[in-house]
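First comes the structure, then the notes that go with it.
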Amino acid sequence: MQAEKRVEHEYIHSLVESVKYGDREAFMGITRLYQRKVFLLAYSYFYNKEDALDIVQETFLRFYQKAHMFKKGKNFQNWLLQIAKNICIDYYRKHHSKGNEWGRKENIEDVHLPSHNQGHSHSSSDLREIISRCLEKLSERQRMIFVMKHYNQLQYNEIAQILNIASGTVKSLHFKAVRNLRTLMSPYMGRIG
Amino acid sequence: MKDCKKIGKNMVAFLYGELGESEKDRLVSHIESCAACRNELEQLKKIYKGAEVLNEDIERAMATIDWESLPARIADAVVKKEIPMDRKSRRTGFWQVLFQPGFRPVYAGILLGVVLGSLVTFLIFRSQPFQSPENGRIIVPKGFYDMMELEMARRGTIDYLDKSEYLLLDFVQSSPERSAEYWRSDLASQRARDLLSKKTYIDQQLDKLQLAKAKAICDQIELLFFELMQTSEQLSAEELRKIQNLVEERQLLLKIKLVKKELEKSEV
């Protein structure tokens with residue numbers, strides 16, 4: 001297992017080295033390996049296929065540009081996801097948010113979900129709407145951590161590397177994100193069940 | 001209540017299957033007995049399951065993408081947009097700026113300055129070797145010794161006056177019979193002798209410096225103690241009472257207090 005990982009690691013490093021010299025095939029190889037992971041991060045952040053595809057393209061373009069800055073011995077996936085995360089945040093601020101600040105919290109009353117008939121179980125599209133809206137109400141950092149943990153299934157230490165913060169902070173922010181989601185979703189709990 | 005708080009902190013880790021066996025068992029057994037925590041966990045489970053709904057979305061969206069052709073499309077975009085490669089990392093860029101050929105005359109000038117400066121310093125110190133001060137000699141500012149002496153005299157005098165004051169108070173306030181007895185005892189003679197020897201020590205300083213008032217009063221005290229020590233054995237109670245009255249008439253204690261205050265104020 002360890003040996004397999006090392007081989008994989010060396011293979012990726014050799015591809016990155018080739019990309020530095022403008023090797024198209026190597027660039028496509030890297031893209032092929034990581035495009036799904038970047039898409040997953042972007043899609044779970046925006047819930048929009050077109051936005052996510054834009055992020056994927058932008059991430060690999062940025063990788064091509066910055067390939068020389070990647071240092072040997074570093075985890076490539078974490079480095080690439082760090083680029084993707086930065087692009088996601090920039091993209092969100094540019095296209096979706098109006099003055100949304102890092103760490104802003106909003107009141108539960110501010111969640112405007114579509115009205116539904118009481119007593120009827122909700123369809124999965126309604127549930128999707130509720131969850132995506134509630135996730136959007138989390139602070140940028142909490143949302144990013146929740147998405148990375150829940151959808152990308154990254155470990156706390158991997159998220160810590162990507163966000164460049166302590167692993168303990170990631171853990172506590174993830175805990176807060178789940179708690180805040182619970183608070184935000186509590187008025188709709190009856191319908192979810 | 002304390003348990004609930006602890007369990008609450010572990011609930012998220014429990015949902016993600018990250019709890020150790022012992023903590024997991026503790027949580028499960030607590031949940032069985034605590035309705036509030038059970039309810040809390042149920043709600044968190046709903047959120048966890050609810051968030052899973054989005055996974056289906058993600059899978060559906062991913063299924064519609066042509067992953068095979070995407071890398072080629074992105075590679076084409078690199079060519080089309082003429083993305084330039086950052087060939088230099090920040091660090092190499094900095095070093096390259098630092099050592100670019102244009103800066104060479106500057107570095108040569110700095111090097112020449114250092115060499116010339118060292119040479120001149122060496123020549124100066126060779127012709128005038130650095131003289132170390134003589135062993136044990138400390139250079140102090142002018143007037144420092146005088147100031148030190150005055151301060152020592154002042155403190156010595158205050159101490160002398162303090163002790164004299166107590167001795168005089170004992171003398172004035174006790175009855176002539178007890179006073180005579182007291183002065184005959186070893187204790188009084190020891191205290192008076194101490195004070196007299198202290199006086200001979202501070203005498204030199206009082207003479208030298210301008211502490212005339214203090215000197216006058218110290219002289220009077222000295223004379224009084226000296227006489228008392230010498231003659232106390234022959235003195236009658238009547239004569240001692242007279243001396244006590246004399247001390248009171250001359251307001252010796254008041255004078256001591258005033259001089260002491262003056263000395264304390266004039267701290268150097």
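For clarity, every value in this text was computed on a predicted model and none was experimentally measured. We use all heavy atoms of the structure for the numbers below, so side chains are in, but hydrogens, waters and symmetry mates are not. Here is the naming used below: chain letters follow the sequence lines, and residue numbers restart at 1 for every chain.
Under the 4.5 Å side-chain criterion, counting only non-hydrogen atoms from C-beta, A/L40 is in contact with B/M62. Side-chain contact check for B/V78 versus A/F60: every heavy-atom pair is 4.5 Å or farther apart.
In terms of heavy-atom pairs under 4.5 Å with chain A, the best-connected choice from B/N55, B/D57, B/L70, B/V12 is B/D57. Comparing B/A13, B/A72, B/A77 by how many heavy-atom pairs each has under 4.5 Å with chain A, the most go to B/A72. Between chain A and the residues B/E68, B/K9, B/M11, B/K45, the largest count of heavy-atom pairs under 4.5 Å involves B/K9. Among A/Q153, A/K149, A/K171, the residue with the largest count of heavy-atom pairs under 4.5 Å with chain B is A/K149. If you tally non-hydrogen atom pairs under 4.5 Å between each of A/T31, A/V178, A/L135, A/L61 and chain B, the highest count goes to A/L61.
The nearest pair of heavy atoms linking A/R182 to B/I47 is CA-CD1, 3.0 Å. Residues A/I131 and B/G50 share a closest heavy-atom pair of CD1-O, 2.7 Å. Here the closest heavy-atom approach between residue B/A51 and residue A/Y151 is recorded as O-OH, 2.8 Å. The minimum heavy-atom distance between A/Q57 and B/I74, with the atom names listed, is CA-CD1, 4.1 Å.
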For this session: Could you walk me through whether A/S44 and B/L54 pass the side chain to side chain contact (heavy atoms under 4.5 Å, CB included) test, one step at a time?
Result: CA-CA 8 Å; A/S44 43; B/L54 290 182; over 6 Å; no
For this session: For side chain to side chain contact (heavy atoms under 4.5 Å, CB included), just list the numbers for A/K49 and B/I65, CA-CA rounded to whole Å, side-chain angles, deciding distance to a tenth of an Å, and then say yes or no.
Result: CA-CA 9 Å; A/K49 190 178 141 187; B/I65 295 165; 3.8 Å; yes
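Residues from residues 20-42 of chain B that place a non-hydrogen atom less than 4.5 Å from a non-hydrogen atom of chain A comprise B/E40, given in numerical order. Within residues 108-116 of chain B, no residue has any heavy atom closer than 4.5 Å to a heavy atom of chain A.
When atom types are taken as modelled, the side chain of A/Y64 and the backbone of B/A75 share no donor-acceptor pair closer than 3.5 angstrom. Without hydrogens or angle criteria, A/Q35 side chain to B/W67 main chain gives a donor-acceptor distance under 3.5 Å.
Neither the backbone nor the side chain of A/Y34 comes within less than 4.5 Å of any heavy atom of chain B. Proximity to chain B is limited to the side chain of A/R24, based on heavy atoms less than 4.5 angstrom apart. Using a 4.5 Å cut-off between heavy atoms, A/R179 touches chain B through its side chain atoms alone.
If you take NZ on B/K46 and CG on A/L181, they are separated by 15.0 Å, rounding to the nearest 0.5 Å.
Side-chain atoms of A/H150 and B/Y16 include a donor-acceptor pair closer than 3.5 Å.
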